[in-house]
Structures are given as C-alpha cells and as structure tokens.
Q: 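Quick one: the structure is below, questions incoming.
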Amino acid sequence: MMTQHINLQLGWPSPSLFPASQLLDGASSVLQSEKKTAAALIYGPGCGYEPLRERIAAWLSTSYSTTTPISPERISVSNGASANLGNILSKFTEPGYTRRIWMVEPSYFLACPIFTDAGFEGRLRGVPEDEEGLDIAFLHDALRKVETEGGHPEVPQAKTASARYPKLYKHVIYAVPTFANPSGKTMSLRRREELVRLAREFDALVVTDDVYDVLRWPEGEDGDASKMPPIPPRIVDVDRVLDGGVKDEWGNAVSNGSFSKIIAPGVRTGWSEATPSFALAMSTLGATKSGGCPSHLSATFVEEMLSSGQLEAHIRDTLIPTYRSRYNTLFKAIDEHLVPLGFQVSIGNPYEYHPAGATNGHSQSAAAVAGGYFTYLTIPSDVALGAEDLAAKALDKYNLRFAHGAMMTVEGDAGSVERAGKGYGRGIRLCWAWHTDEEIVEGIRRLAALVKEVKRV
Ligand SMILES: Cc1ncc(COP(=O)(O)O)c(C=O)c1O
C-alpha cells in the first residue's frame, strides 16, 4: 500500500490557497469600525448585507459583460449554493404541486439529497448530457409526457395568495452549465436559449449552480488570457433578455453563486440572482424572517475583500495560475499515461462565442478556454472491471481515490441507472483543485499502474 493518500475525488480547494490574510484584513476593517461592527453583529437584512449585494451586482455585471447592469435588487445573499438550493425549493416548490425535478446526468450527486430533503423522493429524473450540454429533445419529450399524464393538483388558491408561496413552479430543472460538475462540459448558447424557452413553456424553474464560471484560463501552456472570449452568459442572463425578457415578474431561472470556490468553503457565503420579486421572496423564508440573512458576519468580511479589489486579485494572481498549472499537469499526465491505455476524455463541443453584432456563421470557437475543477474520463473498453470496482481497487491497493460514474446517477431514477450502465457509468471524475502538481502526477501514475495490472488479468 502506498503511504500517501491521493484524493482526486475531493472537489475542494487546497488549504494552501485560502486567502486567510485578506479575510483577516476584511475582518479587521469591519470589527475596528464601530459603525460597521454595529451592522455586522446584528441580525442581517433578509436579502443580505446591503453593501455586499451592491458589490456582487457590480462585479457580476463586469464579469458577465451584461448589456445592462445587474441591479442589487436581483441579488439575495445566501449561506452557499447547497443551502440556498434547499431554500429555493422551500419557497418556490411544493411536493403536492411541483411534479418533477430534472437533473442533468451524470449529475452533481450531492444535489440529490437536497431535493429528497425537500420532499421530492422518487420524483428526481435524469436528463442525459450531450455534446452541447443537455439533450433538450429528451427533456422536452419527458416534460410533455408528465404533463399529459394528468391528475395534477392545481395551486391551491390560498397558497398562491399567501406569502408562503408567492409563486410555485411545476418543474425544476437543475444544471451546472459552465465547467459542469462532474463532466467539465460547458453548455452551448443555443442550448441555454432552448432551455429558457422550454422552462417558460412548462412553468419550470431552472436552477443553475454557477460556481466555477470565473475560474477559467486559456487552453495550453502559452495560451494568451487577453484573447479569451467573455464568460458564457448564465441561464439567468439569458432569461433576462431572450425574446423580450422574462415572462413574468418571477422569471424562469435562478443563478446560485458561491464564494466557496473563490474564497473558501468555510466562509459559507454565496448569493442567488433572479428577478427582484424572486430575490425579495427569498427574504421571506421563515428562518430568515426569524434569524436574518443566513450568512451575515462573514458576508461583511467578503464585502471588504470585494471592495478592496483583493478578491479579484486573489482569483487572478493565485487561483487561476495555480489551477491552470495543475490542469496542464493533469492533462499532460493523462496524455502520457492514460490515453495510450485507451482512456478517453470527453469535454463536449467547444463553446461558440457570438460577438455582438455578428450574424450567423460569424461565431468564434472558444475551444481555447479551460476551467473549473473537474474532468471526466471513460475507462478503456478492454478493462473488464466497471468504474466502481476500479475505484474500489484503486483505494484498496494504491491508496488513490477518485469518483466514479455510478455515483453520478440521479437518485431513484431507474432510467438514469440504466443509462449509466450503457454509458457514463464507465466514467471517472478527476479533480485538480486539491493536490499539488507532483501529487497529481503521482495519482495518474498509480491509476495507470492499476489499469495495466487489471488488463493483464
Ligand atoms: C455544482 C456544485 N454546486 C454546489 C457546490 C457547493 O457549493 P457551496 O459550497 O456554496 O454550498 C459544489 C461544490 O463542490 C458544486 O460543485
């Protein structure tokens, strides 16, 4: 057994990357000011610390190059994307009314229990990912089928009128459109638009975890960062402008953002962006009304990091160069040790960027952009073991951990399990964020040694 444990499953930033001193600066600035302390140590406003809402709105407006600025009224401060998904479900869904939860598969498996906690056990359904990010025809057919089944309760009148449910959606569609967890794929603009239209047609809420978008760099060692196209618009950006804008005051998309991957998971601060009515409704959750915004003190420290420019500097000068180096190291090791053994890497179609004013046919390929945390490999067809068994052997004999396709099925959906058996179940997910370059190479060497050994048997 190798002594050092290598964990390529863990989707966490390594502690060496935590911006502790910048957070300390932020904390000092808040706690040494009587005025800021008074605002920081009291219950937070329902939609969150006002200066942070303003900073996030301004930062998102520049990060996503939106045509019109994002207003702070669209932002609601959260205690991270995970908890906020539960909060969104509490406010805008009702198991007696909302019919299905649709999840892109292979799925971010840790989202499944959040849906079942909200009462949707047995009603989660997978939607296969394709090279453009989501099989829209599959989703359309499946939605239509559920709708024609009939027997669905209408929204009880009392509920539509009550503050508890200002709006209920019939369906929820969950996706990670940019640098997806687990596949690493980025959804095309065409699919994003199709998804918004579908959501409007079927009264669905598209919830996206947009937690990796800004962690991006040019593909290759010498790629020029200044030549990268802008970050793809989130589904919420598309909903804001497509076909004349949102269908009603609630819209059909909410973006779940987080500081977990760009500051540190322990700060438990994030935000959601949706229409102003949607954001305001988030502040009426019972627990928020009683306890104030779910993330408050650390939100004030985060605000200091944003306003001082330290957050952007940290992303630009520490996170991106480190992840870029680890990514390049990982892919070099994959090319050297795994591709010759028959491993396949699928990153989907490159995102096509349409510069403003360009007509059809004048798009630019954004193949040159890489980012996020993960990549997904398919194990060689001549390996008799499935990915799950391979992962168990890797842990047992090589002290190496990685995530495997069977983990990525949609909980309780037999169709998703069946599709895993035919395809994505033979995949493994590798993360480059936790380990150093040297450890990543060591992990890939161990994986190659294991596969060689298994092939010989
Ligand atoms: C897609 C996705 N959503 C949410 C999270 C967790 O977000 P948070 O730490 O803000 O709860 C992760 C972290 O791995 C993730 O990959």
Side-chain angles (χ1 to χ4, degrees), residues 7-15 17-19 48 52 56 60 75-90 101-115 117-118 124 126-127 129 133-134 172-187 206-216 232 234-236 253-273 282 293-296 298-299 301-302 311 315 319 323 371-376 401-403 407-408 410-411 429-435:
N7 193 338
L8 297 176
Q9 173 171 324
L10 211 55
W12 297 359
S14 34
L17 299 173
F18 293 160
L52 182 60
I56 291 172
L60 293 175
I75 308 295
S76 157
V77 176
S78 77
N79 52 340
S82 313
N84 201 51
L85 176 56
N87 286 344
I88 291 166
L89 298 172
S90 292
I101 307 290
W102 305 93
M103 302 179 74
V104 178
E105 67 178 34
S107 71
Y108 172 51
F109 55 98
L110 295 177
C112 293
I114 304 176
F115 291 114
D117 282 353
L124 277 53
V127 180
E129 205 171 37
L134 170 125
V172 172
I173 302 165
Y174 170 82
V176 186
T178 298
F179 305 133
N181 179 1
S183 74
K185 289 180 183 172
T186 293
M187 195 183 283
V206 185
V207 184
T208 58
D209 281 354
D210 301 310
V211 301
Y212 299 106
D213 297 23
V214 298
L215 296 173
R216 61 204 300 267
R234 297 158 302 168
I235 305 292
V236 80
V254 53
S255 166
N256 225 349
S258 176
F259 292 104
S260 288
K261 311 294 179 184
I262 51 178
I263 298 183
V267 300
R268 286 295 84 208
T269 303
W271 69 92
S272 55
E273 185 193 331
M282 291 300 291
C293 175
S295 174
H296 190 47
S298 50
F301 303 167
V302 169
L311 177 60
I315 295 171
L319 295 184
Y323 290 148
Y373 263 34
F374 305 105
T375 194
Y376 206 71
R401 192 186 283 275
F402 50 82
M407 296 165 70
M408 316 296 178
V410 172
E411 215 173 282
R429 187 196 72 178
L430 305 177
C431 174
W432 55 78
W434 180 249
H435 280 293

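Order of listing sets the numbers, starting from 1, for every ligand and every atom in it. The structure displayed is predicted, hence computed values, not measured ones. If you read the sequence from its start, that first residue is 1, and numbering goes on from there.
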Q: Please identify each residue that fulfils side chain to side chain donor-acceptor pair (under 3.5 Å) with Asp213, with sequence neighbours left out.
A: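 In terms of side chain to side chain donor-acceptor pair (under 3.5 Å), with neighbours along the sequence ignored, Asp213 is linked to Tyr64.
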Q: Could you go through ligand 1 and list every pair where one of its N or O atoms sits under 3.5 Å from a protein N or O, giving the atom names and the distance to one decimal?
A:
unit_1	atom_1	unit_2	atom_2	d
ligand 1	3 (N)	Asp209	OD2	2.6
ligand 1	9 (O)	Ser260	OG	2.6
ligand 1	9 (O)	Arg268	NH2	2.6
ligand 1	10 (O)	Ala81	N	2.7
ligand 1	10 (O)	Ser258	OG	2.6
ligand 1	10 (O)	Ser260	OG	3.3
ligand 1	11 (O)	Ala81	N	3.4
ligand 1	11 (O)	Ser82	N	2.9
ligand 1	11 (O)	Ser82	OG	2.5
ligand 1	11 (O)	Arg268	NH1	3.2
ligand 1	14 (O)	Tyr212	OH	3.3
ligand 1	14 (O)	Lys261	NZ	2.8
ligand 1	16 (O)	Asn181	ND2	2.8
ligand 1	16 (O)	Tyr212	OH	2.5

Q: Test side chain to side chain donor-acceptor pair (under 3.5 Å) on Ser260 and Arg268; report intermediate values, then the result.
A: CA-CA 7 Å; Ser260 288; Arg268 286 295 84 208; 3.0 Å; yes
Q: For Cys293, what residues pass the side-chain contact (heavy atoms from CB on, under 4.5 Å) criterion, not counting sequence neighbours?
A: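 side-chain contact (heavy atoms from CB on, under 4.5 Å) list for Cys293, sorted by chain: Val77.
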Q: Using the test side-chain contact (heavy atoms from CB on, under 4.5 Å), find all partners of Ala180 that sit at least two apart in sequence or belong to another chain.
A: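 Expected list: Glu129, Val176, Ser183.
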Q: Would you say the rings of Trp434 and Tyr373 are close, in the sense that their centroids are separated by under 6.0 Å?
A: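 Centroid distance Tyr373-Trp434: not below 6.0 Å, so no.
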Q: Do Val207 and Val172 touch side chain to side chain, with heavy atoms closer than 4.5 Å?
A: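 Yes; the side chains approach each other to less than 4.5 Å.
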